[in-house]
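Take a look at the structure set out below.
Throughout, a chain's letter reflects where its sequence line sits, starting with A, and its residues are numbered from 1.
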2 protein chains.
Amino acid sequence: MTKSDEPTAATTRAWVGLMRAQRSVLSAIEKDFKAAGLPPFGWYDVLWELVKAEDGRLRPFEIEARTLLAQYNLSRLIDRLEKEGLVRREAFEEDARGCWVVVTEAGRAMRARMWETYGPSITRHVGRRLSEAEASALAALLSRLG
Amino acid sequence: MTKSDEPTAATTRAWVGLMRAQRSVLSAIEKDFKAAGLPPFGWYDVLWELVKAEDGRLRPFEIEARTLLAQYNLSRLIDRLEKEGLVRREAFEEDARGCWVVVTEAGRAMRARMWETYGPSITRHVGRRLSEAEASALAALLSRLG
DNA sequence: ATAATGTAGATGCAATTGCATATATATCGG
DNA sequence: CCGATATATATGCAATTGCATCTACATTAT
């Protein structure tokens, strides 16, 4: 490895910190979800993207881009959400290969119920550890890596 | 949910950014590992902790604390590393419940070989996107969440 | 029109993870 | 010393993930 490819100490600390912070906060949040008897954390993102979207519907590939889920994982996550009645698949008329994923009323209700745990959990595990200015600065820096 | 539990916009952006940045960079790095024909990314951390440790050995619970791996996941990860000859388990004399995990020469060599891909990968996906000062600031902020 | 290529999404199968619990000590209170 | 409790690690099993590939339809070039 040539010298210029070697990460600087600060870069390495940033990357290791990113992994550790994410794991640590995520596992704390997942613990809160479990304690509240909620479905898996990962369901939230998909439901939220659908709720935000016009008509509560998105194509799978759109959800994929927004959530960074792998295609095959999303496909099966939709299966599970559908089995729970939180979303339903509908035909996409203009292209018979595709489909819509539509959030149901139960899905909207579940999203809202999850937020009641999720919101405070974010506050506890992130907000309480940083000032407003720090949170802003962190968000700005992280957006450079997305 | 009471008002005070609701995360601020900056806190939420920080958390969402943390998830997205970690997923995005991790998946880019994993792609580099695969392209180089290396074993799974997760093996690196364990090997590295062992190489850093005195005598190249640690107790499983010590690795667990350093890597944030779940106990049952680490137990089976050690199985896999052992099967590849990268580590070996040795008896821990003072407490028959425990064991040592010792990195082998092959394990040290593999760690070094992985770094040849990993180092440049960190540089490419993290270092190149931030100035030194930004990387430092990011590391400092992230350390507050660990 | 047709063959080649591209895209959306699903799926079989093996590997990994999570959960609950097991196993084998160790330690502690009486 | 003895039973109760705690600790270190392993493991059976179900759920999830990753990989490779499949199906079905769409688009493009000839």
### Query
Starting at CG of A:Leu26 and ending at P of C:dT17, how long is that distance when rounded to a whole Å?
14 Å

### Message
I'd like to know if B:Gln71 reaches the base of D:dA8 with its side chain such that a donor and an acceptor end up less than 3.5 angstrom apart.
### Response
no

### Nucleotide D:dA10, atom C1' - distance to CG of B:Leu69 in whole Å
16 Å

### Query
Rounded to whole angstroms, how far apart are CG on B:Asp79 and P on D:dA10?
7 Å

### Message
Counting only heavy atoms not in B:Lys31 (residues, nucleotides, ligands), do more than 12 fall under 6.0 Å from its NZ?
### Response
no

### Task
Decide yes or no for B:Leu58 and B:Arg66: does some side-chain heavy atom of the first lie under 4.5 Å from some side-chain heavy atom of the second?
yes

### Query
Can a side chain N or O of A:Arg89 be found less than 4.0 Å away from OP1 or OP2 on C:dA10?
yes

### Student check: side-chain heavy atoms of B:Leu69 and B:Asp45 closer than 4.5 Å
no

### Summary
note: B:Phe92, atom CZ; D:dT7, atom P; distance rounded to Å ~ 16 Å

### Message
Between B:Thr11 and A:Thr123 (side chain of the first, backbone of the second, donor and acceptor by atom type, cut-off under 3.5 Å), is there such a pair?
### Response
no

### Task
Output yes when B:Glu49 and B:Lys52 qualify as a salt bridge under the 4.0 Å nitrogen-oxygen rule, no when they do not.
yes

### Task
Check the distance between D:dG18's P and B:Phe41's CZ and give it to me in whole angstrom.
14 Å

## Note on the structure
Assign each of A:Glu93 and A:Trp43 the nucleotide of DNA chain D bearing its closest heavy atom; nearer the 5' end lies the nucleotide of A:Trp43

### Query
Nearest-Å distance, CZ (A:Phe61) to C1' (D:dC25)?
14 Å

### Message
Taking 4.0 Å as the cut-off, does a side-chain nitrogen or oxygen of A:Lys34 come that near to OP1 or OP2 on C:dG18?
### Response
no

### Query
For the pair made of CZ in B:Arg23 and P in D:dG18, what is the distance, rounded to whole Å?
11 Å

### Query
Which part of the nucleic acid, if any, lies within reach of A:Asp95 when heavy atoms closer than 4.0 Å are counted: base, sugar-phosphate only, or nothing?
sugar-phosphate

### Task
Examine C:dG18: is either OP1 or OP2 under 4.0 Å from a nitrogen or oxygen in the side chain of B:Asn73? Give yes or no.
yes

### Query
Relative to the 5' end of DNA chain D, which residue comes earlier, B:Arg97 or A:Ala96, by the nucleotide with the nearest heavy atom?
B:Arg97

### Query
Hey, is the side chain of A:Arg59 poking within less than 4.0 Å of OP1 or OP2 on C:dG9, counting only N and O atoms?
yes

### Message
With nearest nucleotide decided by heavy atoms, which residue, A:Glu30 or B:Glu94, maps closer to the 5′ end of DNA chain C?
### Response
A:Glu30

### Message
With a 4.0 Å cutoff (strictly under), does any side-chain N or O of B:Arg80 reach OP1 or OP2 of C:dT17?
### Response
yes

### Message
Counting only side-chain nitrogens and oxygens, does A:Tyr72 get under 4.0 Å of the OP1 or OP2 atom of D:dC19?
### Response
yes

### Per B:Arg76 side chain, nearest of listed nucleotides D:dT9, C:dA8, C:dG18
C:dG18

### Query
Could you give the CG-to-C1' distance, from A:Leu77 to C:dA10, as a whole number of Å?
14 Å

